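What follows is one structure encoded as structure tokens, with my remarks underneath.
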Amino acid sequence: MKKTSILFVCLGNICRSPMAEGIMQHLIEKTKLDNNILVDSAGILSVHQGEQPDKRMREAAFARGYKLNHRSRPVTTNDFDEFDLIIGMDDSNIAALEQKAPTLEAQNKIRRMAEFFSSQDIDHVPDPYYGGSQGFDLVINLLEDGCSNLLKEISK
Ligand code: 4NP
């Protein structure tokens with residue numbers, strides 16, 4: 001299997017994308033693919049740089065058996081060289097990534113998390129930042145489904 005690197009991207013890199021990273025890391029360790037797949041996450045914004053994931057996201061994650069260790073950082077131009085897949089959570093993340101992509105080849109690395117959902121009822125991972133606690137559980141449900149299908153696609 002070819003080595004694959006994946007960068008998950010959301011707006012602040014303190015809720016959705018570090019959660020996606022934590023779920024994917026858990027899956028690749030469980031399936032002993034941690035030598036073949038590298039995961040990281042980043043944000044469109046740099047305002048939360050250096051911060052741990054949002055406390056509400058960490059608590060929802062912990063309740064579902066995940067520990068999130070990431071520190072927020074912004075997406076860089078270099079990420080488009082370093083990573084094979086750059087996966088945005090919603091339309092605005094994808095639009096911002098397309099603006100940042102330095103080349104056409106870099107643009108072609110951009111994918112949408114919802115492409116990997118089992119059901120097409122929802123086409124993005126909703127931003128939970130300004131909502132209630134149920135938004136964080138929904139994020140985990142969507143990402144568990146999407147990451148599991150993403151892993152199947154990569155392992156083919
Ligand atoms: P995330 O959530 O993109 O899932 O990390 C957000 C975090 C922070 C902000 C917005 C969304 N913010 O506006 O600071």
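These numbers come from the heavy atoms of this one structure, side chains and all, not from hydrogens, waters or symmetry mates. Keep in mind that this is a model prediction, so the values were computed, not measured. Remember, it's 1-based here, ligands and their atoms both numbered in the order they're listed. Residue numbers start at 1 and run along the sequence shown.
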*Using side-chain contact (heavy atoms from CB on, under 4.5 Å) as the criterion, list what pairs up with Lys152, not counting sequence neighbours.*
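Ser148, Asn149.
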*asked:* I want to check something: taking the side chain as every heavy atom from C-beta on, are Arg111 and Ile94 in contact at a cut-off of under 4.5 Å?
replied: no
*Give the protein residues with at least one non-hydrogen atom closer than 4.0 Å to an atom of ligand 1, ordered by chain and number.*
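If the criterion is a heavy atom under 4.0 Å, then ligand 1 touches Cys10, Leu11, Gly12, Asn13, Ile14, Cys15, Arg16, His48, Asp127, Tyr129, Tyr130.
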*Transitive ILVMFWY cluster of Ile14 at side-chain heavy atoms under 4.5 Å: who else is in it?*
Tyr129, Tyr130
_For a side chain to side chain contact (heavy atoms under 4.5 Å, CB included) check, start with the C-alpha distance between Leu68 and Met19, then their side-chain angles and the critical distance, and finish with the verdict._
CA-CA 7 Å; Leu68 305 182; Met19 190 67 238; 4.0 Å; yes
_Show every ring pair (Phe, Tyr, Trp, His ring centres under 6.0 Å) that has at least one partner inside residues 52-87, sequence neighbours left out._
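For residues 52-87, and leaving out neighbouring residues, the ring pair (Phe, Tyr, Trp, His ring centres under 6.0 Å) pairs sorted by first residue read His26-Tyr66.
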*In terms of side-chain heavy atoms, does Arg58 have a donor or acceptor partner in Asn69 at a distance below 3.5 Å?*
no
